K.L.:
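Once you've had a glance at the structure underneath, I'll fire off some questions.
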Amino acid sequence: MLFKQKVYLKKTSSHAVIESFHKRVFVDFLISFQPVKILKWTGIKNGESASFKFWFFGWKRMDVIHQNYKNDSGYLSFEDHGVGLPFGLNSWKHRHIVEKVPNGALITDIISFDESTLIKRFLVKPIMLFPIITRRFSYKVWFYFLNNRG
């Protein structure tokens, strides 16, 4: 399964977006309106990791390691690779991309994960994608209203 989402931020520097992705306070904000708790977050560079718990009829844990980190002149990309996954998922990869574009910045989220069974396709898919879809709104709130606070 492949899911791709792009969020264009007008009049927002790609450098400001890149800087935010390196801050725990930004990650905290992205999950602040969801039943998610960060257990561990060491950063986004190669080998750094994150662990989360999210509630869906009981607390479920998800652990990721960050790989393929690139940060160069207004461009950032890195991937979350699942190493401990809920719901019997066999794989999870979330690629984050920040690019400088005319008059702003573009954030792209590309998600791929195992949904080989019907239960995963119809029940797990919305649960796993909901936090990403809400970023269409939360990225804009952060960069248009809150970025100077973090």
Side-chain angles (χ1 to χ4, degrees), residues 1-87 89 91-113 115 123-150:
M1 182 259 137
L2 186 66
F3 174 81
K4 187 174 187 178
Q5 169 177 282
K6 293 183 178 224
V7 178
Y8 174 62
L9 300 168
K10 296 177 186 174
K11 299 180 183 175
T12 303
S13 155
S14 62
H15 295 289
V17 177
I18 290 167
E19 183 179 312
S20 291
F21 267 94
H22 286 88
K23 294 181 179 179
R24 166 76 187 256
V25 67
F26 178 61
V27 178
D28 288 336
F29 174 75
L30 291 178
I31 65 164
S32 62
F33 300 104
Q34 301 170 29
V36 178
K37 296 178 185 178
I38 298 175
L39 303 173
K40 177 179 123 183
W41 187 82
T42 61
I44 63 170
K45 293 181 180 177
N46 290 333
E48 295 179 327
S49 61
S51 296
F52 303 90
K53 280 188 353 184
F54 58 95
W55 197 92
F56 184 77
F57 297 106
W59 288 101
K60 311 295 185 224
R61 184 175 172 138
M62 181 171 180
D63 301 305
V64 298
I65 189 159
H66 298 118
Q67 298 176 356
N68 299 316
Y69 176 86
K70 294 178 183 116
N71 185 355
D72 183 36
S73 186
Y75 176 87
L76 169 74
S77 74
F78 66 97
E79 297 174 354
D80 306 335
H81 287 259
V83 292
L85 298 170
F87 306 116
L89 291 174
S91 65
W92 168 270
K93 184 170 86 170
H94 178 181
R95 184 169 183 214
H96 308 260
I97 303 168
V98 177
E99 299 173 274
K100 181 179 181 177
V101 294
N103 199 31
L106 181 67
I107 302 173
T108 304
D109 291 289
I110 303 170
I111 312 290
S112 61
F113 65 94
E115 58 166 346
L123 181 61
V124 176
K125 180 178 175 179
I127 296 165
M128 297 301 288
L129 291 181
F130 178 76
I132 308 307
I133 292 168
T134 63
R135 292 179 184 188
R136 291 178 183 164
F137 174 73
S138 58
Y139 285 150
K140 291 182 180 188
V141 169
W142 179 263
F143 291 106
Y144 295 157
F145 302 109
L146 302 176
N147 189 33
N148 293 330
R149 294 176 47 196

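What you see is a predicted model; the values in this text were computed from it and never measured.
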K.L.:
Tyr144 and Trp142: aromatic ring centres closer than 6.0 Å?
P.N.:
no
K.L.:
Could you grab the distance from atom CG of Asn71 to atom CD1 of Ile44, nearest 0.5 Å is fine?
P.N.:
7.5 Å
K.L.:
Do the side-chain N and O atoms of His66 and Asp80 include a donor-acceptor pair separated by under 3.5 angstrom?
P.N.:
yes
K.L.:
Are there more than 12 heavy atoms of other residues, nucleotides or ligands under 6.0 Å from atom NZ of Lys93?
P.N.:
no
K.L.:
Ion pair present between Lys70 and Asp72, side-chain N to carboxylate O less than 4.0 angstrom?
P.N.:
no
K.L.:
I need the minimum non-hydrogen distance between Lys4 and Lys6, along with the two atoms involved.
P.N.:
CE-CE, 3.7 Å
K.L.:
Going by the angle between their ring planes, with limits at 30° and 60°, are Trp92 and His94 parallel, tilted or perpendicular?
P.N.:
perpendicular
K.L.:
Does the ring centre of His22 sit less than 6.0 Å away from the ring centre of Phe78?
P.N.:
no
K.L.:
Quick check: does any side chain N or O of Gln5 sit under 3.5 Å from a backbone N or O of Ile132, one acting as donor and the other as acceptor?
P.N.:
yes
K.L.:
If the plane angle is over 60° it's perpendicular, under 30° parallel, otherwise tilted; pick one for Phe33 and Phe29.
P.N.:
perpendicular
K.L.:
Parallel, tilted or perpendicular for Phe26 and Phe21, by the 30°/60° rule?
P.N.:
perpendicular
K.L.:
Taking atom CZ as the centre, does Phe137 end up with more than 12 heavy-atom neighbours from other residues, nucleotides or ligands that are less than 6.0 angstrom away?
P.N.:
no
K.L.:
Closest approach of Ser77 and Ile97, non-hydrogen atoms and distance?
P.N.:
CB-CG1, 4.1 Å
